[in-house]
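These numbers were taken from a predicted model, which means no experiment stands behind them.
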Amino acid sequence: MLRYLSAGESHGPCLTAIIEGLPAGLPFPKEEIDRQLIRRQKGYGRGERMSIEKDEVHVLSGVRHGETIGSPLALSIRNRDWENWKETLSPFHAAFNTRAITVPRPGHADLPGGLKYHRSDLRDILERASARETAMRVAVGTVGRIMLSYFGVEVFGHVVSIGKVKAETKDLSVEEIRNLTEESPVRCADAQASREMVKAIEEAKAYGDTLGGVFEIIACGLPVGLGSHVHWDRRLDGRIAGALMSLQAIKGVEFGLGFAAARSRGSEVHDALYYTPEKGISRFTNRAGGLEGGITNGEALVVRAAMKPIPTLNRPLPSVDLQKKQEIKATVERSDVCAVPAASVVGEAIVAWELACAWKEKFGGDSILEMQEAVDRYREYIKGFLL
Ligand code: EPS
């Protein structure tokens, strides 16, 4: 089983994670994790914090001479901003200025978290609720991604809408979407829509507002058979949707046709099967988004996630001071105007991690050699049906 736990506050000294279950002998290019961390930090609409941070992973255990050795992997990412928060967030000494927050931001974890954990200073909640934590999710997801790409599975994401601006990508190949996305300041493959998205972010910023959007993640090279129909918690669509929904500000997830399937007839929704001796079983469409019955079906996995606008507004909404029990405008904290491009990179990591977990479940192996043997055996068996 592949699993991890993470820890760390947004302005604390660092983010930390422990990963367990990686096969030994997996080549481990640390530079790939750093490359993904840099991708996450980019994207038009980010706030000042990103000019302070320069994320880089430190590998503390589990890797020797560039290969995993089977022991738990400990990772750490430094928060450079900690220098400015040492006193305020000191674990042991009460600070002169605690920068206490008593006015919750509507839409944020501030209020329910503060009440649940009985914290009068809502900073105790927002420090961990912050999307700073997603830097570590990218590092952990990239570890899963390194294992997947060893077996030829690739995962990438792109932004399909920001606010009311929608990208048009239906005439583009997966490869074209991938390349164009890397060139766009908002990680969108449609150049015209990219420009309009940047404009929409500028307009929202000028108004003291924020913007959400939708990103799509595509995974190619997956075999039939990851996940299972036999139990609710083994259905891979459920796991991926749950994991994506756990990303800050995500409000909806859909696979393939998604919500549009509910407005169509069965004959317009399901992917018909064809057979030729040369090609084996094949489909001409992928409306299911690569999953049937909670199991990968050999097509590309296509999943979209909808992100609400960030709740920290420069023109704040009405709220209540919890100490004074008075109505007042919500707290204004330094924040991003739009983090959808960054969220799409985090989404890639989240999907990669869930796929890596399902991969480990299916093929097992304490070493990469054992895993490779199981993969080869299975591919040989499945070749008789699908090409
Ligand atoms: C975030 C608020 C901002 C973002 C942060 C998420 O941080 P700060 O309060 O320090 O300005 O920059 O995102 C990151 C730090 C990051 O690495 O993505 C929030 O409240 O969620």
### Task
Please write out which residues are connected to L115 in a hydrophobic cluster, directly or through intermediates, given that two of Ile, Leu, Val, Met, Phe, Trp, Tyr count as joined at side-chain heavy-atom separations below 4.5 angstrom.
I101, L111, L122, L126, L322
### Message
Please report the interatomic distance CZ(R235) to OG(S228), rounded to the nearest 0.5 Å.
### Response
8.0 Å
### Any side-chain heavy-atom pair of S120 and Q323 under 4.5 Å
yes
### Summary
Rounding to 0.5 Å, atoms CH2 (W85) and OG (S90) come to a distance of 14.0 Å
### Residues that F28 engages under ring-ring contact (aromatic ring centres under 6.0 Å, His included), provided they are two or more places apart
none
### Query
Quick one: side-chain contact (heavy atoms from CB on, under 4.5 Å) partners of D124, sequence neighbours excluded?
R119
### Under the side-chain contact (heavy atoms from CB on, under 4.5 Å) test, residues paired with A305 that sit two or more places apart
F215, I250, V253
### Message
Do I77 and M136 have side chains that approach each other closer than 4.5 Å (heavy atoms only, starting at C-beta)?
### Response
yes
### Query
Should we count CZ of R64 as having more than 12 external heavy atoms under 6.0 Å?
no
Side-chain donor-acceptor contacts of residues 331-341 below 3.5 Å, not counting sequence neighbours, with atom names and distances?
from : atom 1 : to   : atom 2 : distance (Å)
T331 : OG1    : V103 : O      : 2.6
E333 : OE2    : R123 : NH2    : 2.9
R334 : NH2    : D81  : OD2    : 2.7
D336 : OD1    : G47  : N      : 2.7
D336 : OD2    : R46  : NH1    : 2.7

### V159 reachable from V214 in the ILVMFWY side-chain graph, under 4.5 Å edges
no
Let me have the donor-acceptor pairs involving side chains of residues 241-248, under 3.5 Å, with sequence neighbours excluded, atom names and distances please.
from : atom 1 : to   : atom 2 : distance (Å)
S246 : OG     : R137 : NH1    : 2.8
S246 : OG     : A243 : O      : 2.7
Q248 : NE2    : A129 : O      : 3.2
Q248 : NE2    : S130 : O      : 3.2
Q248 : NE2    : E133 : OE1    : 2.8

### Query
By ring-ring contact (aromatic ring centres under 6.0 Å, His included), which residues pair with Y378, not counting sequence neighbours?
F363, Y381
### Query
Taking only residues two or more places apart in sequence or in another chain, which ones pass side-chain contact (heavy atoms from CB on, under 4.5 Å) with K324?
D321, Q326
#### Entry: Intermediate values then yes/no, side-chain hydrogen bond (donor to acceptor under 3.5 Å, both in side chains), E183 and N179
CA-CA 7 Å; E183 289 164 19; N179 294 336; over 6 Å; no
### Query
Looking just at side-chain N and O atoms, do R287 and S264 make a donor-acceptor pair shorter than 3.5 Å?
no
### Summary
Smallest heavy-atom separation, E9 atom then N79 atom, equals O-ND2, 3.0 Å
### Task
Indicate if F151 and L355 have the same hydrophobic cluster label, given that clusters are the connected sets of ILVMFWY residues with side-chain heavy-atom separations under 4.5 angstrom.
yes
### Message
Would E56 and L37 count as a side-chain contact (heavy atoms from CB on, under 4.5 Å) here? Give the steps.
### Response
CA-CA 7 Å; E56 185 192 350; L37 290 174; 5.6 Å; no
### Task
First locate atom CZ of R105, then atom CG of L313, and finally report the distance between them rounded to the nearest 0.5 Å.
9.5 Å
#### Entry: Side chains of D190 and T169, donor plus acceptor under 3.5 Å
no
### V57/K30 under side-chain contact (heavy atoms from CB on, under 4.5 Å): CA gap, chis, key distance, verdict
CA-CA 8 Å; V57 75; K30 169 186 140 44; 3.8 Å; yes
### Query
Distance-only, no hydrogens or angles: does the D271 side chain make a donor-acceptor pair with backbone N or O of A288 under 3.5 Å?
yes
### Task
Answer yes when E32 and R35 have at least one side-chain N-carboxylate O distance shorter than 4.0 Å, and no when they do not.
yes
### Task
Side-chain contact test, heavy atoms from C-beta onward, threshold under 4.5 Å: evaluate it for S6 versus V140 and give yes or no.
no
### Task
For the pair H11 and T88, evaluate side-chain contact (heavy atoms from CB on, under 4.5 Å) and give the outcome as yes or no after the intermediate values.
CA-CA 9 Å; H11 305 99; T88 309; over 6 Å; no
### Message
Closer than 4.0 angstrom, basic N to acidic O: yes or no for K86 and E83?
### Response
yes
### Message
Under the salt bridge (charged side-chain N to carboxylate O under 4.0 Å, His left out) definition, can you give me all pairs with a residue in residues 139-151, not counting sequence neighbours?
### Response
R145-E348
### Task
Work out which heavy atom in T210 is nearest to a heavy atom in T312; give both atom names and the distance.
CG2-O, 3.5 Å
### Query
Any side-chain heavy atom of V143 within less than 4.5 Å of one from T68?
no
### Nearest atoms (heavy-atom pairs only) where A330 meets P106
CB-CD, 3.6 Å
### Query
According to a 4.5 Å side-chain heavy-atom criterion applied to Ile, Leu, Val, Met, Phe, Trp and Tyr, with indirect links allowed, do V59 and I368 form part of one hydrophobic cluster?
yes
### Task
Spell out, as yes or no, whether a donor-acceptor pair under 3.5 Å connects the side chain of R128 to the backbone of S10.
no
#### Entry: CZ (R3) with more than 12 external heavy atoms under 6.0 Å
no
### Task
Measure from the side-chain N and O atoms of S194 to the backbone N and O of V186, and report whether any donor-acceptor pair falls under 3.5 Å.
no
### Query
Out of curiosity, L273 CG to F284 CZ, how far, rounded to the nearest 0.5 Å?
10.5 Å
### Message
Please determine whether residues M307 and V302 belong to a single hydrophobic cluster, defined as Ile, Leu, Val, Met, Phe, Trp and Tyr linked transitively by side-chain heavy-atom distances below 4.5 Å.
### Response
no
### Message
Ignoring hydrogens, what is the shortest heavy-atom contact between A167 and A193? Give both atom names and the distance.
### Response
CA-CB, 3.8 Å
### Summary
From the list K42, R132, R40, R78, salt bridge (Lys or Arg N to Asp or Glu O under 4.0 Å) partner of E53 resolves to R132
### Query
With V153, which residues qualify under side-chain contact (heavy atoms from CB on, under 4.5 Å), at least two apart?
L148, L222, W359
### Query
Applying the 4.5 Å side-chain criterion to the ILVMFWY set and letting contacts propagate, would L301 and L257 be lumped into a single cluster?
no
### Query
Rounded to the nearest 0.5 Å, how far apart are CG of D237 and CD of E292?
10.5 Å
### Query
Other hydrophobic cluster members with L180, side-chain heavy atoms of Ile/Leu/Val/Met/Phe/Trp/Tyr under 4.5 Å, chained?
F156, L172, V174, I177, I218
## Note on the structure
For residues 240-267, the salt bridge (charged side-chain N to carboxylate O under 4.0 Å, His left out) pairs (sequence neighbours left out) are E254-R304
### SB check E202 K205 (cutoff 4.0 Å)
no
### Neighbour count above 12 (heavy atom, 6.0 Å) for H229 NE2
no
### Shortest non-hydrogen separation from L236 to A358 and the atoms involved
CD1-CB, 3.8 Å
### Message
Quick check against the 3.5 Å criterion: does T181 have a side-chain atom that pairs as donor or acceptor with the backbone of G157?
### Response
no
### Message
Tell me if the CD atom of E176 is crowded by more than 12 foreign heavy atoms within 6.0 Å.
### Response
yes
#### Entry: Minimal non-hydrogen separation, S61 against A74, with atom names
OG-N, 3.1 Å
#### Entry: Under 3.5 Å donor-acceptor, K362 side chain and G225 backbone
no
### Task
With rounding to the nearest 0.5 Å, note down the distance linking CD in E154 to SG in C220.
8.5 Å
